[in-house]
Every structure is written in structure tokens, then in C-alpha cells.
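Notes to accompany the following structure.
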Amino acid sequence: QVQLVETGGGLVQPGGSLRLSCAASGRTNSIYAMSWFRQAPGKEREFVAAISWSGHNTNYADSVKGRSTISRVSAENTVYLQMNSLLPEDTAVYYCAAKVPLYFGSYYTEGSDYDYWGQGTQVTVSP
């Protein structure tokens, strides 16, 4: 089993920035592709960003592309999401997810692909 813990959420004004962190513990001797998803009130969970275990390959939802950067320190089993130019529509609970990939360079954008999830961290963008 792998436990994922997200931190870094909070209240920020439009145009501001946040850096979310996700730390993995437990069975961390395996490699994991990781990602961020989010769920706003009354809406379905949606993909935000994904990164391969190698860190060389990434993918972003169109809604955050150019404003967000996903990165990781694999040796520390930690993944980050730097979000800039935040908009009110970015308000959501942000979840970290992990999956044992087929290849070092694989990443996944469907929630159903992932085996492990964190509890989420709230991000609120409001004046």
C-alpha cells in the first residue's frame, strides 16, 4: 500500500500562486507515475496534470496549461504542482494520485487508471 498526503492548499486571491505538494509513504520501493486531479463542488473530478516516474514526460489539462507546472523528486517520492495566475474557476479540492506504470516514461490522464489517491487539499481562489 501507498499513502499519499497532499499539502499546500489554501485561500488565494485571483492572480495569485500556490504550490501543492504530495508526499508518498509506505510501499515506495516501487516506481509510480503520478498526477493531480481536482473536483469542484457539484462537478465531476477532472484531470489537471500528470508526470511520468522519470519526470521527463508531462501532460496538462487545457484549463491549466501555461499556468501550472508539475514536477517531482522521485528519490523523495514527492510530486509538486505549481499553479500561477489562479482563477476563481480553479477553486476545487485537489487530489494526488499514483500508479505503477508500464514504462518509466508513461503517464496517465484518466482517474480510473490510478490505484492510490490522497485525501485532497482545498484550493479556494477568491478576492
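From a predicted model like this one, the values you see are computed outputs, not experimental measurements. Numbering of residues begins at 1 and proceeds along the displayed sequence.
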Atom pair OG1/OH of T109 and Y114 - distance to nearest 0.5 Å: 7.5 Å
Connected via hydrophobic side-chain network under 4.5 Å: Y32 and Y108: no
E6 (side chain) donor-acceptor with C96 (main chain) under 3.5 angstrom: yes
V12 side chain reached by M83 side chain, heavy atoms, under 4.5 Å: no
Y107 OH to S54 OG distance, which is reported to the nearest 0.5 Å: 11.0 Å
Shortest non-hydrogen separation from V93 to G120 and the atoms involved: CG1-CA, 3.8 Å
Transitive ILVMFWY side-chain link Y116 to V79, under 4.5 Å: yes
Distance in Å, L18 CG paired with S68 OG, rounded so as to fall on 0.5 Å steps: 10.0 Å
Least distance between heavy atoms, M34 atom then C22 atom: CE-SG, 3.9 Å
Point-to-point distance, once rounded to the nearest 0.5 Å, from CD1 of I70 to OG of S52: 9.5 Å
Connected via hydrophobic side-chain network under 4.5 Å: V100 and F37: no
Within 6.0 Å of CD in E44, more than 12 heavy atoms from elsewhere: no
Distance, nearest 0.5 Å, that separates CZ of R38 from CZ of F47: 11.0 Å
CD (Q119) with more than 12 external heavy atoms under 6.0 Å: no
Minimum heavy-atom distance D90-S85, with the two atoms named: OD2-O, 4.5 Å
Shortest non-hydrogen contact from S17 toward Q82: CB-NE2, 3.9 Å
Atom of P127, atom of P14 and distance for their closest heavy-atom approach: N-CD, 3.6 Å
Interatomic distance, N77 atom CG to S25 atom OG [nearest 0.5 angstrom]: 9.0 Å
Residue that, paired with L20, satisfies side chain to side chain contact (heavy atoms under 4.5 Å, CB included) out of Y80, Y95, W36: W36
Any donor-acceptor N/O pair, T91 side chain to V125 backbone, under 3.5 Å: yes
N57 (side chain) donor-acceptor with G105 (main chain) under 3.5 angstrom: yes
Closest heavy-atom pair and its distance - L11, S126: CD1-CB, 4.1 Å
